[in-house]
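Below, read A as the first sequence line, B as the second, and so on, with proteins coming before strands; counting in each chain starts at 1. It should be emphasised that the depicted structure is a prediction, and the values quoted were computed from it without experimental measurement.
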Amino acid sequence: QQQVKQSPQSLIVQKGGISIINCAYENTAFDYFPWYQQFPGKGPALLIAIRPDVSEKKEGRFTISFNKSAKQFSLHIMDSQPGDSATYFCAASTQGGSEKLVFGKGTKLTVNP
Amino acid sequence: DVKVTQSSRYLVKRTGEKVFLECVQDMDHENMFWYRQDPGLGLRLIYFSYDVKMKEKGDIPEGYSVSREKKERFSLILESASTNQTSMYLCASSFSGTGGYEQYFGPGTRLTVT
């Protein structure tokens, strides 16, 4: 019940296309859903996050869509660029102060020029 | 700018050696974390500390211990390194509160146990 299931494991997109990564969870106590981006040789860095009181959050070309009833959330990257090539992790956590995140297994995105 | 630093980028150790991985953060964060990252398995939490001298087991604590004597420093200890502990180790830190604080990650230590 603590898992976050992420798909696909890898994704290849042409420059200018839309990249979509999906995550699903079981624990209804989760109430914070961040996405982290990791470039080779670097640690992950927060990209965008959402709470379940909204269904969508947009920051530039990056959008999180959240479906509370389906217990799913997804990351959309519009106008994908070669510089977006990285590994993306979805995650979830619960209120309570521990700040522990449960991570998905990651999606390696390659954007071809 | 938040900075989380890890003592080594690359480390090669022999089976049975005691290994120390050090992590330092400069943002006065209450929480610190140690993760292990393996291909296809994502980030798995080894240990978590929410205060000095306080620790909590994560999902895969077996074979590891931790130490937090100062707020800014969190050490991961492999008491007797084994080949299955060859991995990328990531340290992170965050503020403590009601949930939803960003975790800041260090660059990672790639440990090879031979």
Worksheet, complete the sentence: If one checks every heavy atom of B:Arg110 against chain A at 4.5 Å, the contacting part turns out to be neither
Response to the item:
Minimal heavy-atom distance between B:Leu43 and A:Pro44, with the atoms involved, is CD2-CG, 4.0 Å
Discussion item. So for A:Tyr36, is it side chain, backbone, both, or neither that comes closer than 4.5 Å to the heavy atoms of chain B?
Written reply: side chain
Response to the item:
For A:Lys100 and B:Glu56, the nearest pair of non-hydrogen atoms, with its separation, is NZ-OE2, 2.7 Å
Fill in: Over all atoms of both residues, closest heavy-atom pair of B:Gln37 and A:Phe89
NE2-CZ, 3.3 Å
Worksheet entry | Nearest heavy atoms of A:Leu46 and B:Glu102, plus distance in Å | CB-OE2, 3.4 Å
Discussion item. Tell me which of these, B:Gly40, B:Pro39, B:Gly108, has more heavy-atom pairs under 4.5 Å with chain A than the rest.
Written reply: B:Gly40
Fill in: Same cluster (ILVMFWY, side-chain, under 4.5 Å), B:Tyr47 and B:Val24
no
Discussion item. Starting from B:Leu76, can I reach B:Met88 by hopping between I/L/V/M/F/W/Y residues whose side chains sit under 4.5 Å apart?
Written reply: no
Worksheet item: Considering residues, nucleotides and ligands other than B:Arg44, do more than 12 of their heavy atoms fall under 6.0 Å from its CZ?
Response: yes
Worksheet item: Mind checking whether B:Trp34 and B:Ile60 sit in one hydrophobic cluster, side chains of I, L, V, M, F, W, Y counted as touching below 4.5 Å?
Response: yes
Discussion item. I'd like to know if B:Phe33 and B:Leu78 are part of one continuous hydrophobic network [Ile/Leu/Val/Met/Phe/Trp/Tyr, side-chain heavy atoms within less than 4.5 Å].
Written reply: no
Discussion item. Taking A:Phe66 as the starting point, is it possible to reach A:Val54 by hopping between hydrophobic residues whose side chains are less than 4.5 Å apart?
Written reply: yes
Worksheet item: Which atoms of A:Gln6 come close to chain B, meaning under 4.5 Å heavy atom to heavy atom: side chain ones, backbone ones, both, or neither?
Response: neither
